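All values below were derived from every heavy atom in this structure, side-chain atoms included, with hydrogens, water molecules and symmetry-related copies excluded. Only a predicted model underlies this, so the values are computations on that prediction, with no experimental measurement involved. Letters A, B, ... are given to chains in the order of the sequence lines, protein chains preceding strands, and every chain is numbered from 1.
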There are 2 protein chains.
Amino acid sequence: MTRPHKRGNCLHRADLARATGCNLETIRYYEKIGVMPAPPRSANGYRCYDEAHVARLSFVMRARDLGFSLEEVRSLLALVDGGMQSCAEVEALARDHLEDVRERIADLRRIEAVLAETVSRCSGRDVPECAVIDALAADSTRNAQPIRPGPKK
Amino acid sequence: MTRPHKRGNCLHRADLARATGCNLETIRYYEKIGVMPAPPRSANGYRCYDEAHVARLSFVMRARDLGFSLEEVRSLLALVDGGMQSCAEVEALARDHLEDVRERIADLRRIEAVLAETVSRCSGRDVPECAVIDALAADSTRNAQPIRPGPKK
DNA sequence: CTTGAGCCTGTACCGCCTACAGACCTTAGG
DNA sequence: CCTAAGGTCTGTAGGCGGTACAGGCTCAAG
């Protein structure tokens, strides 16, 4: 055994971190913002976690992996904790999030297209003309107003 | 004319904001972090911008729209400012960024697939069983270690 | 006894802004 | 001339989602 500190069947912070793959400090952070409950403490003041905490933090981590914001995670947890009369609410939350994800994908694909097209026009030679710079410098596609638009009340 | 304040042919912060679509406060922020140069001031202490500032900030905004980080923007600007002997360096930067964008898309598509599949299994009825919750609670796919892995090292 | 690991707390920092407080200046209207 | 409205200035706080470090305990092993 390399493990120090006797523990009365309780998991310390590092154990919880290892069990869930969560960063050590993040556990404390989640406690501070109320995503994880403040666990009981053992006599020395150490946090004392159990399997329920492992399950909850794993839940949180999986939700985060799927891109749910902490606010969304909080909502999910509230629905789970609240006896969960309704799968429908959870589903709505997940569908909203799915919509967000799809929008982000669409945004990135637009960016990808512009970027790929631009890069493809690069000569690759060491000359002062640069397609990328030109594309960025060209006053096209951006949504700016003309300067001093005249009497605009 | 609705515009207050006489200006000796100089653009004030709000003018620059309007001309570029940039947020007013962000201009000050970009100056603070060195992405925009500190402009000359007129007698009253107001920042005094010109067309060159409009061009530069537009450049920055377009790069940001394409998802370049401010650090990357700084590099692009340095290459532009440095006489630009080499389009190759700019191209490399843009290609790297394109790679990043593609990876982010791939990540999001994986998330989308899981989310869509999970949501599709929802009953939609007001019942305690919920495919989303089950999926999040199931101790599958995440990269955690077993608790107390015994003598390790 | 000393060393080292692990834990505790609080706080600062990261990127990228955004917003507000409190002061000053300018201009138009009465 | 005075006032009100709006622009500008500065510094600083907040927000997301953490991450990291300093300074101080406790604990177990050598």
(message) Testing the 3.5 Å rule here: is there a donor-acceptor pair between the side chains of A:His53 and A:Asp50?
(response)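 Yes, because at least one side-chain N or O of A:His53 sits under 3.5 Å from a partner of the opposite role on A:Asp50.
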Interatomic distance, [X] [atom1] vs [N] [atom2] [rounded to whole Å]:
{"X": "A:Asp15", "N": "C:dG6", "atom1": "CG", "atom2": "C1'", "value": "10 Å"}
{"X": "B:Met36", "N": "C:dC16", "atom1": "CE", "atom2": "C1'", "value": "17 Å"}
{"X": "B:Glu31", "N": "D:dC9", "atom1": "CD", "atom2": "C1'", "value": "11 Å"}
{"X": "B:Tyr46", "N": "D:dG7", "atom1": "OH", "atom2": "C1'", "value": "5 Å"}
{"X": "B:Arg64", "N": "C:dC17", "atom1": "CZ", "atom2": "P", "value": "4 Å"}
{"X": "B:Leu11", "N": "D:dT8", "atom1": "CG", "atom2": "C1'", "value": "15 Å"}
{"X": "A:Ile27", "N": "D:dT19", "atom1": "CD1", "atom2": "P", "value": "11 Å"}
{"X": "A:Leu16", "N": "C:dG6", "atom1": "CG", "atom2": "P", "value": "16 Å"}

(message) Between the opening five pairs and the closing five pairs of the helix from C:dC1-D:dG30 to C:dG30-D:dC1, how far apart are the helix axes, to 10°?
(response) 30°
(message) Please encode protein proximity along nucleotides 9-15 of chain C as a string of B, S and -, counting only heavy-atom distances under 4.0 Å.
(response) BBB----
(message) Strictly below 4.0 Å, N to O, side chains only: are A:Asp81 and A:Arg74 in salt-bridge contact?
(response) no
(message) Taking the basic N atoms (NZ, or NE/NH1/NH2) and the acidic carboxylate oxygens, is any pair closer than 4.0 Å for B:Arg95 and B:Asp100?
(response)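 Answer for the salt bridge query: no.
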(request) May I ask you to verify if any side-chain N or O of B:Asn44 is less than 4.0 angstrom from the OP1 or OP2 atom of C:dT26? (result)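 The answer is yes; a side-chain N or O of B:Asn44 sits under 4.0 Å from OP1 or OP2.
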(request) Look at A:Tyr30 and D:dG18 and indicate whether a side-chain polar atom (N or O) is within less than 4.0 Å of OP1 or OP2. (result) yes
Rounded at 0.5 Å granularity, tell me how far [atom1] in [X] sits from [atom2] in [Y].
{"X": "B:Tyr49", "Y": "B:Met36", "atom1": "OH", "atom2": "CE", "value": "6.5 Å"}
{"X": "A:Asp107", "Y": "A:Glu112", "atom1": "CG", "atom2": "CD", "value": "13.0 Å"}
{"X": "A:Asp65", "Y": "B:Ile111", "atom1": "CG", "atom2": "CD1", "value": "8.0 Å"}
{"X": "B:Leu115", "Y": "A:Leu66", "atom1": "CG", "atom2": "CG", "value": "5.5 Å"}

(message) If you assign B:Ala14 and A:Ala43 each to the DNA chain D nucleotide with the nearest heavy atom, which residue ends up on the more 5' nucleotide?
(response) B:Ala14
(request) Using side-chain contact (heavy atoms from CB on, under 4.5 Å) as the criterion, list what pairs up with B:Glu25, not counting sequence neighbours. (result)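 Partners of B:Glu25 under the side-chain contact (heavy atoms from CB on, under 4.5 Å) test: B:Arg13, B:Asn23, B:Arg28.
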(request) Please check if A:Leu24 and A:Ile33 belong to a single hydrophobic cluster, counting links between Ile, Leu, Val, Met, Phe, Trp and Tyr side chain heavy atoms closer than 4.5 Å. (result)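 Hydrophobic grouping puts A:Leu24 apart from A:Ile33.
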